[in-house]
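Here is the structure we will look at, set down as structure tokens.
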Number of protein chains: 2
Amino acid sequence: MSPPVTKQRILDAAEHLFARDGYHATSLRCITQAAKANLAAVNYHFGSKEALLEAVIVRRLTPLNEMRLGQLEALMQRAERSRRVPSCREVLRTFVEPTLRQRQKDSETGDFIALIGRTLAEPRGVAMTIFMRHMDPLMIKLFQALSLALPGLSQQLLFWRLHFAIGSLSHIMRCHERYSLRPEDVNIDLPVDELVELFLDFAAAGMEAQRWSV
Amino acid sequence: MSPPVTKQRILDAAEHLFARDGYHATSLRCITQAAKANLAAVNYHFGSKEALLEAVIVRRLTPLNEMRLGQLEALMQRAERSRRVPSCREVLRTFVEPTLRQRQKDSETGDFIALIGRTLAEPRGVAMTIFMRHMDPLMIKLFQALSLALPGLSQQLLFWRLHFAIGSLSHIMRCHERYSLRPEDVNIDLPVDELVELFLDFAAAGMEAQRWSV
DNA sequence: ACGAAATTAAAACGAACGTTTAAATCAATT
DNA sequence: AATTGATTTAAACGTTCGTTTTAATTTCGT
């Protein structure tokens with residue numbers, strides 16, 4: 001049996017519009033029209049607009065986090081078996097690579113990842129609570145792994161630098177269309193693999209930086 | 001003659017609420033109530049809700065950008081006189097330090113900087129157009145200065161790494177209240193000077209990173 | 001083929017939105 | 001003190017929002 005396609009069409013349309021215009025600026029009428037569904041379908045299938053947002057987030061975040069967690073645990077086990085410590089770059093990669101690969105996958109525009117990027121930018125928004133509930137366990141494991149990879153860093157320093165790195169990532173997750181200051185020969189549509197390496201160059205170097213003062 | 005205080009009270013309230021809840025989630029009724037003004041006062045003094053947003057942004061962005069531009073030009077002149085090239089860290093500092101100092105100044109909560117941080121996260125939002133119009137000239141100068149400071153980097157690489165750095169900065173500009181994974185001994189309310197150095201450690205190292213592959 | 005359950009459809013709900021209007025009030029000049 | 005312009009006020013405008021209701025339609029096991 002094929003699942004009710006209406007639900008999926010609504011999820012797809014909502015994902016796209018939430019990511020493009022934001023939660024508050026997107027109306028259910030706009031969503032249902034794009035999904036070729038009736039206005040009442042949202043409240044019938046999901047209960048409310050906010051519950052729809054949660055469904056949009058959960059649908060993709062769950063498998064994404066499973067992949068990230070799987071890669072992180074695999075890395076840690078490999079490191080443990082060979083009695084060495086994982087590098088900062090390796091640890092970051094388990095988080096970053098699935099993220100940016102997801103960006104190119106879904107609906108050829110990276111709607112979901114852009115939505116998460118926006119969520120991270122609205123700390124008090126409705127989406128933040130939903131998002132954090134699904135991210136916390138993974139983030140704790142990521143923090144522990146980075147502690148191992150960067151034994152010279154205090155908890156304080158590690159916290160802030162991870163904060164900076166997540167900021168960078170969430171920024172490129174939003175995949176702006178309005179770029180200012182773009183020199184004519186800069187390629188915006190970078191292949192994912194290259195973007196991953198470019199980002200890891202930057203983030204790993206930043207995490208491992210020597211302190212300038214004190 | 002004291003200037004009409006109502007306009008200022010509205011600007012202050014709007015700045016605070018736009019930063020906290022976002023443009024679309026903040027109603028004029030909420031703003032005028034917080035400003036102890038009449039609902040119609042916004043349209044009387046500013047013309048529309050969007051014009052109010054622009055006034056909120058321009059009020060602080062203009063002097064902030066003048067300070068950033070002044071420090072950048074002073075640095076470049078000093079460098080030219082001593083026939084050397086400015087360091088990446090020095091160039092970034094002219095941009096970052098005024099930003100984070102502003103964050104602690106205004107209305108003791110950094111409302112404006114948080115608002116800009118949100119603006120950067122909503123590429124298609126109404127605020128983005130307003131914001132870009134006032135940022136473009138400075139960004140071009142910043143890019144040129146970084147080209148000088150990092151002669152080994154291609155335009156492409158410099159563009160992406162500056163993009164990453166701006167992402168980091170805009171992230172901490174938002175000064176989240178909901179931090180996950182915060183170890184108990186991490187100090188969130190870091191003095192501005194320390195935060196600036198912490199960020200410059202990270203960003204300068206990231207900008208100057210050696211390429212991992214190719 | 002029929003009846004029960006799930007889904008879709010159309011219409012309306014009250015509430016809140018940004019904006020406008022017109023009268024009231026205030027401030028300053030003559 | 002009267003008058004003029006600037007500002008504030010209260011009320012209402014039309015629109016759109018998320019949600020609910022009620023009926024029509026479709027789906028599917030028996």
Side-chain angles (χ1 to χ4, degrees), chain A residues 1-59 115 118-119 122 124-130, chain B residues 1-59 115 118-119 122 124-130:
Chain A
M1 240 304 286
S2 76
V5 286
T6 304
K7 262 182 104 164
Q8 285 206 30
R9 284 206 314 276
I10 290 175
L11 281 172
D12 291 337
E15 181 179 72
H16 177 69
L17 294 171
F18 282 158
R20 200 190 64 181
D21 301 326
Y23 175 76
H24 286 103
T26 305
S27 69
L28 293 185
R29 283 166 176 84
C30 195
I31 292 171
T32 50
Q33 184 181 337
K36 298 188 205 309
N38 187 272
L39 168 62
V42 169
N43 283 279
Y44 174 77
H45 284 291
F46 300 96
S48 69
K49 186 185 180 183
E50 190 165 334
L52 169 63
L53 175 63
E54 169 138 26
V56 166
I57 293 177
V58 167
R59 174 172 69 150
L115 174 58
R118 296 190 64 135
T119 301
E122 299 184 13
R124 297 173 54 99
V126 277
M128 195 43 138
T129 312
I130 299 168
Chain B
M1 240 304 284
S2 77
V5 287
T6 304
K7 262 182 103 164
Q8 285 207 28
R9 284 205 316 275
I10 291 175
L11 282 172
D12 291 336
E15 181 179 70
H16 177 67
L17 293 170
F18 283 158
R20 200 190 64 182
D21 301 326
Y23 176 75
H24 286 103
T26 303
S27 70
L28 293 186
R29 283 167 175 82
C30 196
I31 292 171
T32 50
Q33 184 181 336
K36 300 189 203 310
N38 188 272
L39 167 61
V42 169
N43 283 279
Y44 174 77
H45 284 290
F46 300 96
S48 69
K49 185 185 181 183
E50 191 166 334
L52 170 61
L53 175 63
E54 170 138 24
V56 166
I57 293 177
V58 167
R59 174 172 67 150
L115 173 59
R118 296 191 63 137
T119 300
E122 299 185 14
R124 298 173 53 99
V126 276
M128 196 44 140
T129 313
I130 299 168

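Numbers restart at 1 for each chain; the letters A, B, ... are given by sequence-line order, proteins then strands.
- In this structure, B:Lys36 places its NZ atom 12 Å from P of D:dT9, rounding to the nearest Å.
- Between A:Leu11 and A:Leu52 the shortest side-chain heavy-atom distance falls below 4.5 Å.
- Atoms OH and NE2, from B:Tyr23 and A:His24 in turn, are 14.0 Å apart once rounded to the nearest 0.5 Å.
- Atom CG in A:Leu53 sits about 12 Å away from atom P in D:dT19, given to the nearest Å.
- Within the structure, salt bridge (charged side-chain N to carboxylate O under 4.0 Å, His left out) contacts touching residues 49-58 of chain A (residues at least two apart or in different chains) are A:Glu54-A:Arg133.
- Between the CG atom of B:Asn38 and the P atom of C:dT25 there is a distance of 14 Å, given to the nearest Å.
- Residues meeting the side chain to side chain contact (heavy atoms under 4.5 Å, CB included) test with B:Asp21, sequence neighbours left out: A:Arg124, B:Leu17, B:Ala25, B:Thr26.
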Side-chain donor/acceptor pairs under 3.5 Å, residues 29-40 of chain B, sequence neighbours excluded:
unit_1: B:Thr32; atom_1: OG1; unit_2: B:Leu28; atom_2: O; d: 2.8
unit_1: B:Thr32; atom_1: OG1; unit_2: B:Arg29; atom_2: O; d: 3.2
unit_1: B:Asn38; atom_1: OD1; unit_2: B:Ala40; atom_2: N; d: 2.9

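- Protein atom CZ of A:Phe18 is 12 Å distant from nucleotide atom C1' of D:dG18, rounded to whole Å.
- Under 4.0 angstrom from either OP1 or OP2 of C:dT8 there lies at least one side-chain N or O belonging to A:His45.
- Across B:Ala51 and B:Phe46, no two heavy atoms sit closer than the pair CB-O, 3.1 Å.
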Taking only nitrogen or oxygen atoms into account, show me every contact under 3.5 Å that the protein makes with nucleotides 22-24 of chain D, one pair per line with its distance.
none

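- Remark: A:Glu15 CD to A:Ile57 CD1 distance equals 10.0 Å, nearest 0.5 Å.
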Got a list of protein N/O to nucleotides 17-19 of chain C N/O distances below 3.5 Å?
unit_1: C:dC17; atom_1: OP1; unit_2: B:Ser27; atom_2: OG; d: 3.2
unit_1: C:dG18; atom_1: OP1; unit_2: B:Lys49; atom_2: NZ; d: 2.8
unit_1: C:dG18; atom_1: OP2; unit_2: B:Leu28; atom_2: N; d: 2.9
unit_1: C:dG18; atom_1: N7; unit_2: B:Arg29; atom_2: NH1; d: 2.8
unit_1: C:dG18; atom_1: O6; unit_2: B:Arg29; atom_2: NH2; d: 2.9
unit_1: C:dT19; atom_1: OP2; unit_2: B:Lys49; atom_2: N; d: 2.9

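- Spacing between atom OH of A:Tyr44 and atom C1' of C:dA9 amounts to 13 Å, rounded to whole angstrom units.
- The side chain to side chain donor-acceptor pair (under 3.5 Å) test applied to A:Arg59 returns A:Asp12, not counting sequence neighbours.
- Atom CZ of A:Phe46 and atom P of D:dT20 are 16 Å apart (whole Å).
- In this structure, A:Thr6 does not reach the C:dT7 phosphate: none of its side-chain N or O atoms is under 4.0 Å from OP1 or OP2.
- Atom OH of residue A:Tyr44 and atom CD1 of residue A:Ile10 lie 11.5 Å apart, to the nearest 0.5 angstrom.
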